Amino acid sequence: MSFEIQAVQEKIGYVANNPKWLEQAFCHKSYHKENPDWEYNEKLEFLGDAVLDLVISDLLMSKFADDQEGSLSRKRASVVNEDRLCELARLRSMDQFLLIGEREANNNLQSNPRIVASVFEAVVGAIYKDSGFDQV
């Protein structure tokens, strides 16, 4: 399986300074097991989750300056959740670029909403590593 970095960048609307971050964002652990030269995306997913919380929290505080913490938390949870992240990832065809192991591909893992949402978080982490907070 080849990874089409230019196609990925076109679909997500971001051109990487260092494409290795995006490559890693799309690499599932199962692909890494079969292709050890590829770094898998779990650490970027971890980072992306935190970055998303920060970015969305900052935006919500600006837009809803008079809201209390509880209201802001509920609003953030309505945006940063598996269903919404999966939907956003699919809008950008991220699921089509996911690198997964052969067995997992045969089991249609690339359709699993949790996996697709995780790729979105990993891409956010990759963009943060590549270009920083303002770009995210």
Side-chain angles (χ1 to χ4, degrees):
M1 172 181 278
S2 70
F3 187 73
E4 305 277 337
I5 190 66
Q6 288 183 301
V8 167
Q9 292 177 129
E10 286 175 24
K11 284 288 188 178
I12 68 172
Y14 175 76
V15 177
N17 296 308
N18 185 345
K20 81 171 183 99
W21 292 116
L22 285 179
E23 291 171 354
Q24 182 179 347
F26 285 90
C27 182
H28 187 262
K29 196 173 198 173
S30 63
Y31 188 82
H32 164 78
K33 286 180 183 174
E34 296 173 10
N35 302 274
D37 292 342
W38 282 78
E39 293 293 324
Y40 59 93
N41 65 6
E42 288 180 2
K43 287 183 182 177
L44 287 176
E45 176 191 346
F46 168 78
L47 179 61
D49 178 57
V51 171
L52 269 173
D53 277 346
L54 178 60
V55 168
I56 298 302
S57 296
D58 188 46
L59 291 170
L60 289 171
M61 285 182 63
S62 295
K63 184 169 177 131
F64 303 101
D66 295 332
D67 281 19
Q68 296 297 314
E69 180 271 338
S71 174
L72 293 169
S73 290
R74 286 187 294 279
K75 285 178 172 118
R76 183 180 62 209
S78 73
V79 176
V80 183
N81 61 61
E82 181 181 294
D83 292 338
R84 185 66 178 140
L85 297 181
C86 179
E87 178 184 339
L88 291 170
R90 286 186 173 141
L91 284 172
R92 300 258 186 299
S93 303
M94 290 181 186
D95 53 329
Q96 295 175 18
F97 297 105
L98 180 60
L99 299 168
I100 58 176
E102 188 176 328
R103 189 178 96 209
E104 288 77 6
N106 292 335
N107 290 327
N108 210 21
L109 185 70
Q110 66 275 20
S111 297
N112 182 311
R114 184 180 57 78
I115 300 298
V116 176
S118 296
V119 169
F120 187 90
E121 290 174 327
V123 168
V124 169
I127 293 171
Y128 176 78
K129 291 294 282 183
D130 190 58
S131 294
F133 183 80
D134 289 336
Q135 185 66 40
V136 172

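Treat the numbers as computed from the prediction; the structure is a model and nothing was measured. Note that these values count all heavy atoms, side chains included, but never hydrogens, waters or copies made by symmetry.
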- Query: Quick one: does Lys75's side chain get under 4.5 Å of Val79's, heavy atoms only?
  - Reply: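 Side-chain contact under 4.5 Å: no.
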Mind checking side-chain hydrogen bond (donor to acceptor under 3.5 Å, both in side chains) for [X] and listing every partner two or more places apart, or none if nothing turns up?
X: Gln135; result: none
X: Glu104; result: none
X: Arg74; result: none

- Task: Go through the structure and list residues passing ring-ring contact (aromatic ring centres under 6.0 Å, His included) with Tyr14, not counting sequence neighbours.
- Result: none
- Query: Does Asn18 use its side chain to pair, donor to acceptor, with the backbone of Lys20 at less than 3.5 Å?
  - Reply: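 Confirmed, Asn18 side chain pairs with Lys20 backbone.
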- Would you say the side-chain atoms of Asp130 pair up with the backbone N or O of Asn17, donor to acceptor, closer than 3.5 Å? yes
With sequence neighbours left out, write down each residue that passes side chain to side chain contact (heavy atoms under 4.5 Å, CB included) with [X], or none if nothing qualifies.
X: Asn108; result: Gln110, Ser111
X: Asn106; result: Glu102
X: Ala77; result: none

- Item | Working for side-chain contact (heavy atoms from CB on, under 4.5 Å), residues Leu98 and Met94 | CA-CA 7 Å; Leu98 180 60; Met94 290 181 186; over 6 Å; no
- Using 30° and 60° as the class limits, which term best fits the ring planes of Phe26 and Phe3: parallel, tilted or perpendicular?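 Ring orientation of Phe26 relative to Phe3: tilted.
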- Message: Suppose the criterion is side-chain hydrogen bond (donor to acceptor under 3.5 Å, both in side chains): which pairs have a residue in residues 79-94, not counting sequence neighbours?
- Response: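 The answer is Arg84-Glu87.
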- Transitive ILVMFWY cluster of Leu44 at side-chain heavy atoms under 4.5 Å: who else is in it? Trp21
- So which of His28, Glu42, Glu45 actually passes side chain to side chain donor-acceptor pair (under 3.5 Å) with Ser118? Glu45
Name the atoms and distances for all side-chain donor-acceptor pairs under 3.5 Å in residues 46-66, with sequence neighbours left out.
from, atom 1, to, atom 2, distance (Å)
Ser57, OG, Asp53, O, 2.6
Ser57, OG, Arg76, NH1, 2.7
Ser62, OG, Asp58, O, 3.2

- Item | Heavy-atom closest pair, residues Gln24 and Glu39 | CG-O, 3.4 Å
- side chain to side chain donor-acceptor pair (under 3.5 Å) between Ser30 and Glu34: does it pass, once the steps are laid out? CA-CA 7 Å; Ser30 63; Glu34 296 173 10; over 6 Å; no
Distance-only criterion, 3.5 Å: show the donor-acceptor pairs between side-chain atoms of residues 120-129 and protein atoms not counting sequence neighbours.
none

